[in-house]
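Heads up, the thing below is written out as structure tokens.
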2 protein chains.
Amino acid sequence: MRVTIKDIAATAGVSATTVSRILNSQSKKYRISEKTANIVRKTAKELNYRPNQMARSLRLKRTHSIGLVVPDIANPFFAQVTKSIQTQAYKFGYSTIVCNTDDQHQLEKDQIDLLISKGVDGLIVMPVGIEYKHLESIRGEGIHLVLMDRVFDDVAFPSVVVDNYAGAHEAVSYLIGKGHRRIGIIQGIANTSTNKERARGYKDALRRHGLEIDNNLISGNDYTRENGYIETKLLLSQNDPVTAIFTTSDLITIGALEAIFEENLNIPEDISIVSFDDIEIAPFLVAPLTAVHQPKRLMGEMAVKMLLEYLEGNEENPTKKIVLKPNLIERASVSERIPVTS
Amino acid sequence: MRVTIKDIAATAGVSATTVSRILNSQSKKYRISEKTANIVRKTAKELNYRPNQMARSLRLKRTHSIGLVVPDIANPFFAQVTKSIQTQAYKFGYSTIVCNTDDQHQLEKDQIDLLISKGVDGLIVMPVGIEYKHLESIRGEGIHLVLMDRVFDDVAFPSVVVDNYAGAHEAVSYLIGKGHRRIGIIQGIANTSTNKERARGYKDALRRHGLEIDNNLISGNDYTRENGYIETKLLLSQNDPVTAIFTTSDLITIGALEAIFEENLNIPEDISIVSFDDIEIAPFLVAPLTAVHQPKRLMGEMAVKMLLEYLEGNEENPTKKIVLKPNLIERASVSERIPVTS
DNA sequence: TATTTCTGCACAACCGATTGAGCATTCAAA
DNA sequence: TTTGAATGCTCAATCGGTTGTGCAGAAATA
């Protein structure tokens, strides 16, 4: 049997109340003598006492844990954000329960329910991103959550995101600046905010430079390597193929690399790529990626800070939004082209 | 206020006991009429009841959550294992609380204490790996834990590991078979089981092929990219430099790649590499890595299965050990050499 | 000496679930 | 009609903490 506060009380010859107060540093407040306090602390140590957080949480209605809902922990982008969140939360005395949704809406709902059942004080969610009714109902119950990475157009949640539009715009403008005219895009999950913004950035950049938007060059529907592979294969097999691709995630890019090398093409000589995310390994890929860098650690830290401010009641604004600026990192996956006027 | 079992009892006009029994599918056992059961189930749904797991766990002494202690979630190897564990655990109705130790012993101890306080039913630990007193004392308290990846020589815990010796032996033998004679090794954290075994495999492979062990070629002390970078720089600057390096983790390898390209050397023409782990991205690095593949998903699944068997009392053997075979995946980071007889 | 004020601690309720024991009522058997 | 067994449900204790209130005895004041 694990040692409880009662065991300490018994061996120290005081009441459980007293033990509790001493161990919670409330001896002064409740006028408990230093002598008694010392005895209790000593026996607690001797018995190797470990407070039962379940009992504590039940009474206090605080678990000091947060739920983290993430599409895919094995994706390096999410892995890095997760680490940042976990580390930051721990610093403030919170532990993190991690759930994986595999970008499945139902799983997301189930996992969130589970987390709430477990009594998490709040949630950081990187949602699948198409539906949000469940999130609204949760907020309706007074449970704090902050969204990360993906948000929703028609409803405001507290959130930490990157300016995906600006990032994409910069990426595509960069390609245009390098002389590329036929630029493809491989999109992520349709209807997610990240994807919509990145696609919008892509189109606006083209338009701004007087280029036409060719729907044949707009492809893809998932942030996965598989999607990157397939769509690149297709893009490369077109009549007037692209000279550059804007891939909307590093995982997509990896699939693209696979396809490109399979076709015996070289990067950046035959085909240029600008990617999104800029995971740690991006510089060390076959083609060191020129990529839009997302400040993953910062994002995680801000999300935690924001959530904790809500939890501690220091944040008034119920839908605070933080938009971080991404920045383009130039490496070696883009070549200069002499534009061919068609 | 969140809706409790009492609320349901009140609106349904029955006792809390009855509600509890119905919602736990014990209506038959306790002879509760279908009529009552239906009413209760209906009102539970209507009130959007979510059981309070803390209360439940307090009473049942089961939280249905497991603690996962991992050195670095952002390391793709651990990220993949973590995902596998999380997914598998969820399948069996367990959630996973993830803690990061950054390979710091004190953090590991603290995090484990915290997890136990939170009432996890069991632990899967990838320990820093040098000290194990805290793990023994935990086991002494009757808390189940299974070790992964790293284990200890002089004390037996239930564990899931890979045959690091065999993997290393195969890797180095492969290099020798390709004609390499001056083969360096960049080690991970000293005194960890993984590192000791891999180093032993390295040495035995050399010896077996009649090669001398040159201590100048044995370097490194951490599974990080930084260590890979530094040690490779040093290896390359020796008088009679290596023609091949056995890097004991993919993260080390990435640092090595950095150093090698900085020196304007090519892989595999100038220098060959065999790595360890074989993370998902390994095929897409500047040099597609020939690497010892660890079955990450399998490892995670087995660890979960094993832990759950202990938890459910189906496993008698208190120190069951599972050793999985790694296998060498050939890609393009090793070249053939004509051995120079010195 | 009587009264008030501290000092130091304990009682008991509570958080939200689970569970062994028990209590009416109904129905069948004797 | 009485006894016994089902039937259908409730009581109250429990898990391990936390907390408002209260109660002695000692010290201070009158």
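Scope of the values below: all heavy atoms of this structure, side chains included, with no hydrogens, waters or symmetry mates.
Summarising the geometry, the separation between NZ on B:K28 and P on D:dC9 is reported as 13 Å, rounded to the nearest angstrom. In this structure, the CD1 atom of B:I8 is 14 Å from the P atom of D:dT10, given to the nearest Å. The nearest whole Å value for the distance from the CD1 atom in B:I22 to the C1' atom in D:dG8 is 11 Å. C:dC15 atom P lies 19 Å from atom CD of B:Q53, rounded to whole Å. Rounded to whole Å, atom C1' of C:dC15 lies 14 Å from atom CE of A:M54. D:dA24 atom P lies 15 Å from atom CZ of A:R31, rounded to whole Å. Spacing between atom CD1 of A:I39 and atom P of C:dG8 amounts to 13 Å, rounded to whole angstrom units. Atom pair B:L23:CG and C:dT19:P shows a separation of 13 Å (rounding to whole Å applied).
In this structure, the side-chain contact (heavy atoms from CB on, under 4.5 Å) partners of A:A89, at least two apart in sequence or on a different chain, are A:I66, A:Y94, A:T96, A:V304.
The environment of CD in B:E316 is sparse: at most 12 heavy-atom neighbours from other residues, nucleotides or ligands sit within 6.0 Å. Around the CZ atom of B:R297, the shell of radius 6.0 Å holds no more than 12 heavy atoms that belong to other residues, nucleotides or ligands.
Residue contacts shown for B:S57 are absent, as no nucleic acid heavy atom lies under 4.0 Å away.
No hydrogens or angles considered: a donor-acceptor pair under 3.5 Å links the side chains of A:T194 and A:Y223. Side-chain contact, A:E108 with A:H134: a donor N or O sits under 3.5 Å from an acceptor N or O. Donor-acceptor pairing under 3.5 Å is lacking for the side chains of A:T63 and A:K118. Side-chain contact of A:T36 with A:S33: a donor-acceptor pair under 3.5 Å is present, judged by distance alone.
Residue B:K29 places none of its side-chain N or O atoms closer than 4.0 Å to OP1 or OP2 of C:dT19. For A:T36 and C:dC9, the shortest distance from a side-chain N or O to OP1 or OP2 is below 4.0 Å.
When each of B:K61 and B:A37 is assigned the nucleotide of DNA chain D bearing its nearest heavy atom, the one mapping closer to the 5' terminus is B:A37.
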Show me the protein contacts with nucleotides 17-19 of chain D, counting only N or O atoms at under 3.5 Å.
from   : atom 1 : to    : atom 2 : distance (Å)
D:dG17 : OP1    : A:Y49 : OH     : 3.3
D:dG17 : OP2    : A:I5  : N      : 2.8
D:dG17 : O5'    : A:Y49 : OH     : 2.9
D:dT18 : OP1    : A:N24 : ND2    : 3.3
D:dT18 : OP1    : A:R56 : NE     : 2.3
D:dT18 : OP1    : A:R56 : NH2    : 3.3
D:dT18 : OP2    : A:S20 : OG     : 2.6
D:dT18 : OP2    : A:N24 : ND2    : 3.0
D:dT18 : O2     : A:R59 : NH1    : 2.4
D:dT19 : O4     : A:T17 : OG1    : 2.8

